Amino acid sequence: GENVEQHPSTLSVQEGDSAVIKCTYSDSASNYFPWYKQELGKRPQLIIDIRSNVGEKKDQRIAVTLNKTAKHFSLHITETQPEDSAVYFCAAPSGSARQLTFGSGTQLTVLP
Amino acid sequence: ETGVTQSPTHLIKTRGQQVTLRCSSQSGHNTVSWYQQALGQGPQFIFQYYREEENGRGNFPPRFSGLQFPNYSSELNVNALELDDSALYLCASSLVPARVTEAFFGQGTRLTVV
């Protein structure tokens, strides 16, 4: 099955700085890589995703890059704001049900 | 809002009891997946239902069971509750199972087992 590793587990940045979270996966057949943001007590919300036919995708201050050869993908947040503080999860699909295997999460804190 | 709704939002049960959680999928979505999220961890896949049949299962014991109805809504049943079953239970609906599409989560049901 799929194994997804996520680093770092905690990340503190100053407001306005950039934040990068990295994930590696094991199943070379994986072709879809979503990122979720989860605020305290709330559901994980899909914030950006990338499919294996592209190397980078941007949406305003958020971008995701994918390196299929190395089997890793990263979330980049630029010009961080306090409301970006949350737990971020990466995921990759596996199995016959194409269920998502999640990373262990990164607690991002943006300091004002 | 994702269009995926879950009920109830919170639930407290006693060890050994049984619980049923409900999920209504987003309009047009025929696949429902259930996940368990323990405190401080990422969601873990329990099982998926497609066309009223189980379409895949994670590493959960048989006391976790489910149903999907003709309108694509779904239930998660847990028998003989244990303290470790305390978690946020999330359901996600998607368009088709075999081709991965975006999975949007409902707001979740917070289950506490005492």
Side-chain angles (χ1 to χ4, degrees), chain A residues 1-10 21 23-25 27 29-54 57 59 64 66 73 75 86-108, chain B residues 1-7 9-10 23 26 29-51 53-60 66 68 74 87-110 112:
Chain A
E2 179 72 277
N3 182 40
V4 177
E5 294 190 358
Q6 182 172 347
H7 300 281
S9 57
T10 62
I21 303 170
C23 287
T24 60
Y25 61 97
D27 186 353
S30 291
N31 57 1
Y32 172 72
F33 306 93
W35 285 90
Y36 288 84
K37 174 184 180 182
Q38 187 173 29
E39 297 175 340
L40 192 62
K42 296 188 177 180
R43 79 184 89 182
Q45 289 193 299
L46 178 67
I47 56 171
I48 195 168
D49 55 20
I50 190 168
R51 297 186 187 275
S52 58
N53 57 344
V54 298
K57 182 177 178 180
D59 183 2
V64 56
L66 171 64
F73 57 110
L75 177 70
V87 179
Y88 291 81
F89 291 98
C90 62
S94 64
S96 59
R98 309 310 288 156
Q99 65 268 24
L100 293 176
T101 298
F102 285 81
S104 53
T106 297
Q107 173 68 62
L108 173 65
Chain B
E1 294 300 318
T2 64
V4 180
T5 59
Q6 293 184 243
S7 62
T9 55
H10 295 83
C23 172
Q26 183 169 326
H29 284 188
N30 57 18
T31 303
V32 174
S33 301
W34 285 91
Y35 290 81
Q36 180 197 66
Q37 187 178 23
L39 197 61
Q41 298 182 21
Q44 289 199 310
F45 176 71
I46 303 175
F47 45 56
Q48 181 185 91
Y49 276 83
Y50 172 61
R51 292 183 175 177
E53 292 193 359
E54 189 178 285
N55 187 51
R57 189 180 183 91
N59 190 25
F60 281 80
Q68 186 179 34
S74 177
L88 179 68
Y89 288 84
L90 297 158
C91 82
S93 73
S94 52
L95 194 54
V96 289
R99 174 173 168 265
V100 173
T101 59
E102 297 85 350
F104 298 99
F105 288 103
Q107 80 276 24
T109 294
R110 175 82 54 191
T112 302

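Just so we're on the same page: letters track the sequence lines, and every chain starts at 1. The model shown is predicted, which means the values in this text are computed figures rather than measured ones.
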query = Heavy-atom distance under 4.5 Å between the side chains of B/Phe45 and A/Thr101, does that happen here?
reply = no
task = Please state whether the side chain, the backbone, both or neither of A/Gln107 comes within less than 4.5 Å of a heavy atom of chain B.
result = neither
request  = Please round to the nearest 0.5 Å and tell me the distance separating atom CD of A/Gln99 and atom OG of B/Ser94.
outcome  = 11.0 Å
request  = Just give me the residue among B/Pro43, B/Gly108, B/Ala92 that pairs up with chain A most often, heavy atom to heavy atom, under 4.5 Å.
outcome  = B/Pro43
query = Take atom CG in B/Asn59; do more than 12 heavy atoms of anything else shown fall under 6.0 Å from it?
reply = no
message = Nearest 0.5 Å, please: how far is CZ in A/Phe102 from OH in B/Tyr35?
response = 5.5 Å
request  = May I ask you to test the A/Phe89-B/Gln37 pair for a side-chain heavy-atom distance under 4.5 Å?
outcome  = yes
Contacting moiety of A/Pro44, where chain B heavy atoms sit under 4.5 Å = both
request  = Drop me the distance from B/Leu88's CG to A/Lys42's NZ, to the nearest 0.5 angstrom.
outcome  = 13.5 Å
message = List the residues meeting side chain to side chain contact (heavy atoms under 4.5 Å, CB included) with B/Gln68, not counting sequence neighbours, and say none if there are none.
response = B/Val32, B/Tyr49, B/Tyr72
inquiry  = Among residues at least two apart in sequence or on other chains, which ones pass salt bridge (Lys or Arg N to Asp or Glu O under 4.0 Å) with B/Glu54?
reply    = B/Arg57
